[in-house]
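Have a look at the structure below, then the notes.
Below, read A as the first sequence line, B as the second, and so on, with proteins coming before strands; counting in each chain starts at 1. No experiment lies behind these values; they were computed from the predicted model shown.
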Protein chains: 2
Amino acid sequence: MDRPTLISDKWRAGYAAQRLAEFTARCRRRGLAITPQRVAVMRVLVNSGDHPRAETVFAEVRRQYPNISLATVHRTLETLCEIGEARKVTPLHDSARYDGNTAPHHHVVCVRCRKVCDIDAPEFNRLLHGRRTLGDFELLGCSVEVHALCGECRKAAAANA
Amino acid sequence: MDRPTLISDKWRAGYAAQRLAEFTARCRRRGLAITPQRVAVMRVLVNSGDHPRAETVFAEVRRQYPNISLATVHRTLETLCEIGEARKVTPLHDSARYDGNTAPHHHVVCVRCRKVCDIDAPEFNRLLHGRRTLGDFELLGCSVEVHALCGECRKAAAANA
DNA sequence: TAGCGGATGATAATAATTATCATCCGGTAA
DNA sequence: TTACCGGATGATAATTATTATCATCCGCTA
Ligand SMILES: [Mn+2]
Ligand SMILES: [Mn+2]
Ligand SMILES: [Zn+2]
Ligand SMILES: [Zn+2]
């Protein structure tokens, strides 16, 4: 049973190089133009190990393209997610969602309509196996988000296709 | 090995009643005034199984207190989180965070500074055990968020106390 | 190399959340 | 009970993140 480990910067460097190599081909396959801005945003993102915000990517790309617009960075990041070249760290994001259930539990989230339901899964609560630390981090707990399509959205998707 | 199950509305009804019963006592213990608005927001939240947004709670509470301000609802929900009577469904929320790593992986998040690091934990990828559905949901995948304090924040917290 | 259509930059608009501040009222002690 | 203090509220402005609009630009194909 492998214990959780932090992903190293070394691994990421190699990974970034490979991802960038595939990038133009994947854009072409999707019919997306290969613009310097798009490539720059992709390069900055894939070389970042810290899950940056749009503003942060903007600041970095701006050093090479001083005229790039923040709107372009937002649009590009969104595009990258759509084509599977990136993802958001959390899929829920338009507005905060609150939960009155403070018992330890987890969630299943519909990726289309964002419905969130509670799930009770005792084994999810044992994921850390009593570990107290991970690298520099002092562990406090964990929560699992199961991504799914709810019944309604499944119907909608089927009807649509 | 218990399988994950959806939490029932029945369970929630009983849970809500109990939580509301404790609520005033816990406010008093914290030195927080027991106002009708605060109680109403708490009641609506704890009776909701759908992880509502502030706006949704506002709409509901407004039926009983037509003069309540949306700002009060925001403030109250935040207060409830601070005293442990509620939580946000996702702790990351000021702005979207993007990830260039599309390989299946999970995250450890510092609850104080919101630093996010990748973790490699093969067992986290097997959580669903090949299950395809859960109630009405068609399962697609899952992601684990480990809550923690990073090294720097641990020092800061220690120095502060 | 010309021309089409998507991409970009500039900017306005929208939406969520937070800050400000005068007023109000819950909690406390006389 | 009553008077008072400090936190809580409502109204509103400010801030912040994100998205929409649109004229111009430029990557791509023929
Ligand atoms: Mn929940
Ligand atoms: Mn990541
Ligand atoms: Zn759905
Ligand atoms: Zn930290």
Side-chain angles (χ1 to χ4, degrees), chain A residues 23-45 51-59 61-83 85-98 114, chain B residues 23-45 51-59 61-83 85-98 114:
Chain A
F23 183 61
T24 54
R26 295 192 62 179
C27 281
R28 241 184 286 273
R29 210 171 305 147
R30 291 266 187 167
L32 295 178
I34 298 168
T35 68
Q37 293 92 333
R38 191 168 275 164
V39 173
V41 168
M42 176 66 181
R43 176 173 23 246
V44 166
L45 179 64
H51 309 83
R53 318 183 310 135
E55 188 72 43
T56 308
V57 173
F58 176 59
V61 173
R62 215 179 192 184
R63 292 167 38 178
Q64 193 179 358
Y65 297 93
N67 294 322
I68 194 173
S69 166
L70 175 57
T72 297
V73 174
H74 275 289
R75 272 186 304 236
T76 303
L77 289 170
E78 218 49 42
T79 301
L80 292 179
C81 289
E82 281 165 21
I83 67 176
E85 291 289 319
R87 65 177 198 182
K88 289 191 184 183
V89 174
T90 164
L92 289 173
H93 197 262
D94 311 329
S95 55
R97 303 280 293 265
Y98 293 89
R114 297 188 171 173
Chain B
F23 183 61
T24 55
R26 295 192 62 179
C27 281
R28 242 183 285 273
R29 211 171 306 146
R30 291 265 187 169
L32 294 178
I34 298 167
T35 68
Q37 294 93 333
R38 192 169 274 165
V39 173
V41 168
M42 176 65 181
R43 177 174 21 250
V44 167
L45 179 63
H51 309 81
R53 315 184 313 134
E55 187 72 42
T56 309
V57 173
F58 175 59
V61 173
R62 216 180 193 183
R63 292 168 35 177
Q64 193 178 0
Y65 297 94
N67 294 322
I68 195 173
S69 166
L70 175 58
T72 297
V73 175
H74 275 288
R75 271 186 305 235
T76 303
L77 289 170
E78 217 50 40
T79 301
L80 293 180
C81 289
E82 281 165 22
I83 67 176
E85 290 290 319
R87 65 176 199 183
K88 289 191 183 182
V89 175
T90 163
L92 288 172
H93 195 263
D94 311 329
S95 55
R97 303 279 293 266
Y98 294 89
R114 296 187 172 173

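Closest approach of Val57(B) to Pro52(B), counting heavy atoms only: CG2-CG, 3.7 Å. Between Leu45(A) and Ala86(A), the shortest heavy-atom contact is CD2-CB, 3.5 Å. Across every non-hydrogen atom of His93(B) and Ser95(A), the tightest pair is NE2-C, 3.3 Å.
Scanning residues 67-79 of chain A for heavy-atom distances under 4.0 Å to DNA chain D yields Ala71(A), His74(A), Arg75(A). If you check residues 29-38 of chain A against DNA chain C, the residues with a heavy atom closer than 4.0 Å are Leu32(A), Ala33(A), Thr35(A), Gln37(A), Arg38(A), listed by number.
Considering only residues two or more places apart in sequence or on other chains, Glu82(B) meets the salt bridge (charged side-chain N to carboxylate O under 4.0 Å, His left out) condition with none of them. For Glu55(A), there are no salt bridge (charged side-chain N to carboxylate O under 4.0 Å, His left out) partners, not counting sequence neighbours. The side-chain contact (heavy atoms from CB on, under 4.5 Å) test applied to Arg97(A) returns Leu92(A), Arg114(A), Val116(A), His51(B), Arg53(B), Val89(B), not counting sequence neighbours. For the salt bridge (charged side-chain N to carboxylate O under 4.0 Å, His left out) test, no residue two or more places apart in sequence or in another chain qualifies with Arg75(B).
Looking at heavy atoms from C-beta onward, Arg87(A) lies out of side-chain contact with Tyr98(B) at the 4.5 angstrom threshold.
Pairs passing the side chain to side chain donor-acceptor pair (under 3.5 Å) check and including a residue from residues 62-71 of chain B, sequence neighbours excluded, do not occur. Each side chain to side chain donor-acceptor pair (under 3.5 Å) pair with one or both residues in residues 26-40 of chain B, not counting sequence neighbours, appears once here: Arg26(B)-Glu85(B).
Scanning DNA chain D 5' to 3' for nucleotides with an atom closer than 4.0 angstrom to a non-hydrogen atom of chain A gives a first and last hit of dA17(D) to dC28(D).
Formation of a donor-acceptor pair under 3.5 Å by the Thr76(A) side chain with backbone atoms of Thr72(A) is found in this model.
The side-chain contact (heavy atoms from CB on, under 4.5 Å) with Val61(A) is formed by just one residue from the set Leu70(A), Val44(A), Val39(A); it is Val44(A).
If one axis is set at each end of the helix from dT1(C)-dA30(D) to dA30(C)-dT1(D) from five pairs, those axes are 40° apart, to 10°.
Here the C1' atom of nucleotide dC25(C) and the OH atom of Tyr65(B) are 14 Å apart, to the nearest Å.
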